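Values in this document were obtained by computation on a predicted structure and should not be read as measured data.
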Amino acid sequence: MALLSRMRSALTARSRWAPTRCTPSFRRTLYLAPPYLLDDYIPQYQLISSIDAAKKRSLAYAHLRECNLCPRLCGVNRYEKTGVCLIGAETVKVNTIAPHFGEEPCFQGHNGSGSVFFSGCNLRCVFCQNHDIAHQRNGFDLTPEELAEWYMKLQETGRVHNINLVTPEHVVPQVVLSILHARELGLRIPIIYNTSSFDSLDSIELLGGLVDIYLPDFKVWSDKTSKRLLKADNYTATAMESIKAMHAQVGDLCFTADGIAKKGVLVRHLVMPGMEDEGKEIVKWLAENVSKDIMVHIMEQYFPRAHVGKPRRGKKSDVVEPGGVQATSGTAKSVRYEDINRPVDLDEASAVRKAAEEAGLWRFVEASRHGGFNI
């Protein structure tokens, strides 16, 4: 009887304490608001009809015969000659195709973003961070069909989370043809259009229904700056209408529960030395004219590259390497673009972030604090 009594007492105590031990001492909260959380996602190019696909193929070929798909408006027949981008009609020039782990965490995930780095560009940024690719046309030639086969390799062998088309503004017709061919081959992951925003509305319209995620840069604000540093007269107005058109197509950035972005727009702004005021205007414009819920990446990694810091033409001087030590006062007068010949200061980036928050933006790409990646 004594043993039975002790067993009953132990069971009573266990039942009394079990709920307390099993209940967490904290309440977990979901970072994503429900509007931006998807149960599942089917890429847009899988949903368009065969008739719409045929129309896009026809338009792509037509644009190649009279190319005005970017604001340069060259108007050339790319089967016969090239325009500003120096890329013809039948192939694209590609520098690198590989899983990439240098993108935003929501794009690269654990397996990487399937990045395709196109050679050539329709801008001539003097500080280009990918100068060896965008300005020097290094790489190999691929037809749209061969490009589509590479997408499949990235999906099947690399198991990447998406196909990330980097600097594709000047090869939009070939990109359209490649996506449509990849659809027939069995591609089933989202397409990212990773652009400088120097796109035409015709170009964005042609991409509609094929691109799931737009990843545009908004580089500078003033026309004077764009003409001097990007070698483009109408960059700001073009970027404004392009980003609005992109957002009208796919909306704000949305994720599945694994934290991987599937559709929407994420805008990047690379903060430039001494130009935080332009960044402030850009984030204010985004909040007031596109969406306060748009996701923004305020980037701090500017470093002198390309033509910045090189000796002025026609003058003998000590060489200051692009990306080298900041020029002294004695040599600064002898180098090109000396005003941006230094890394960006973190206070400058912080000022742009503060302006974005004051404008009402709240969805930012954040550095992970826990060794994984944020959603």
Side-chain angles (χ1 to χ4, degrees), residues 45 48 52-95 116-125 128 130 133-148 151 163 165-182 191-211 214-217 219 226-227 230-246 249:
Y45 58 84
I48 66 170
D52 287 337
K55 289 179 179 178
K56 287 187 179 295
R57 282 194 183 91
S58 179
L59 281 171
Y61 287 122
H63 282 301
L64 287 170
R65 288 191 293 270
E66 186 179 353
C67 190
N68 285 313
L69 268 185
C70 93
R72 296 290 184 183
L73 301 176
C74 297
V76 300
N77 183 342
R78 288 172 65 169
Y79 288 97
E80 299 175 352
K81 60 186 293 188
T82 61
V84 173
C85 67
L86 303 178
I87 302 295
E90 296 182 0
T91 62
V92 296
K93 190 171 286 292
V94 177
N95 183 274
V116 180
F117 288 86
F118 292 101
S119 295
C121 185
N122 62 353
L123 287 178
R124 293 291 183 269
C125 302
C128 181
N130 290 323
I133 298 174
H135 289 200
Q136 298 180 10
R137 296 179 67 246
N138 296 320
F140 52 98
D141 295 324
L142 294 174
T143 66
E145 292 75 21
E146 291 170 334
L147 189 57
Y151 299 164
I163 300 298
L165 307 171
V166 185
T167 319
E169 302 91 325
H170 56 299
V171 290
V172 166
Q174 296 96 319
V175 161
V176 167
L177 295 172
S178 70
I179 296 171
L180 292 173
H181 186 65
I191 301 289
I192 299 178
Y193 186 77
N194 189 338
T195 172
S196 68
S197 297
F198 201 50
D199 296 285
S200 71
L201 292 181
D202 286 342
S203 185
I204 302 303
E205 182 180 356
L206 183 58
L207 292 165
L210 300 178
V211 169
Y214 285 101
L215 183 55
D217 288 339
K219 295 178 179 291
S226 68
K227 186 172 184 178
L230 312 186
K231 309 306 178 186
D233 291 327
N234 56 338
Y235 172 81
T236 304
T238 299
M240 287 178 178
E241 66 178 16
S242 295
I243 292 173
K244 289 176 75 172
M246 294 172 192
Q249 277 188 17

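Contact between H181 and A148 at its shortest, heavy atoms only, is CD2-CB, 3.6 Å. Closest heavy-atom contact between K231 and R124: CG-O, 3.4 Å. Looking at every heavy atom in both residues, Q174 comes nearest to V92 through CB-CG1, 3.4 Å. Summarising the geometry of G88 relative to T82, their closest heavy-atom pair is N-CG2, 3.8 Å, with the distance given to 0.1 Å. Residue P144 comes nearest to S178 through the heavy atom pair O-CB, 3.4 Å, listed as atom of the first residue, atom of the second, then distance. The two residues N234 and P71 have their closest heavy-atom pair at ND2-CB, 4.1 Å.
Side chain of Q249 to backbone of V211: no donor-acceptor contact under 3.5 angstrom is found. Checking side-chain atoms of S200 against main-chain N and O of L69 turns up a donor-acceptor pair under 3.5 Å. A donor-acceptor pair under 3.5 Å is absent between the side-chain atoms of H170 and the main chain of L123, judged by distance alone. Judged by distance alone, the side chain of R72 and the main-chain N or O of N122 form a donor-acceptor pair under 3.5 Å. Side-chain atoms of S203 never come within 3.5 Å of backbone atoms of C70 as a donor-acceptor pair (strictly under, hydrogens ignored). Counting only distance, with no hydrogens or angles, the side chain of Y235 and the backbone of K219 share a donor-acceptor pair below 3.5 Å. With hydrogens and angles ignored, the 3.5 Å screen pairs no side-chain donor or acceptor of S197 with any backbone N or O of P216.
Between Y61 and L177, the closest side-chain pair of non-hydrogen atoms falls below 4.5 Å. The shortest distance between side-chain heavy atoms of L230 and F198 does not fall below 4.5 Å. Side-chain contact between N95 and K93: absent, with no pair of heavy atoms (C-beta onward) separated by less than 4.5 Å. A 4.5 Å side-chain heavy-atom check between L210 and V176 finds at least one atom pair inside the cut-off. I179 places none of its side-chain heavy atoms less than 4.5 Å from the side chain of K56. For the pair F118/C85, no side-chain contact is recorded, criterion being any heavy-atom separation below 4.5 Å from C-beta on. With a 4.5 Å cut-off on side-chain heavy atoms, V116 and Y151 count as touching. Between L59 and E205 the shortest side-chain heavy-atom distance does not fall below 4.5 Å.
Surrounding CD of E145 are more than 12 heavy atoms belonging to other residues, nucleotides or ligands, all under 6.0 Å away. The neighbour count for Y79 OH, taken as heavy atoms of other residues, nucleotides or ligands under 6.0 Å away, is above 12. Within a 6.0 Å radius of NZ in K227, no more than 12 heavy atoms belonging to other residues, nucleotides or ligands are found.
Here the CZ atom belonging to R57 is positioned 12.0 Å from the CG atom belonging to L206, to the nearest 0.5 angstrom. Atoms CD1 and CD1, from I163 and I191 in turn, are 5.5 Å apart once rounded to the nearest 0.5 Å. Note that CD of E66 and NE2 of H63 are 10.0 Å apart. Values are rounded to the nearest 0.5 Å.
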I'd like to know whether L207 forms a side chain to side chain contact (heavy atoms under 4.5 Å, CB included) with V172, so could you lay out the CA-CA distance, the side-chain angles of the two residues, the decisive distance to 0.1 Å, and finally the verdict. CA-CA 8 Å; L207 292 165; V172 166; 4.0 Å; yes
Could you go through V94 and F140, starting from their C-alpha distance and side-chain angles, then the distance that decides it, and tell me whether this counts as side chain to side chain contact (heavy atoms under 4.5 Å, CB included)? CA-CA 5 Å; V94 177; F140 52 98; 4.2 Å; yes
Can you list the steps and then say if E146 with D141 is a side chain to side chain contact (heavy atoms under 4.5 Å, CB included)? CA-CA 9 Å; E146 291 170 334; D141 295 324; over 6 Å; no
How far apart are the C-alpha atoms of L142 and T91, what are their side-chain angles, what is the distance that settles it, and do they pass the side chain to side chain contact (heavy atoms under 4.5 Å, CB included) test? CA-CA 5 Å; L142 294 174; T91 62; 5.9 Å; no
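A side chain to side chain contact (heavy atoms under 4.5 Å, CB included) with N194 is found for exactly one of T167, L165, L215, namely L215.
Side-chain polar atoms of E169 and S196 form a donor-acceptor pair below 3.5 angstrom.
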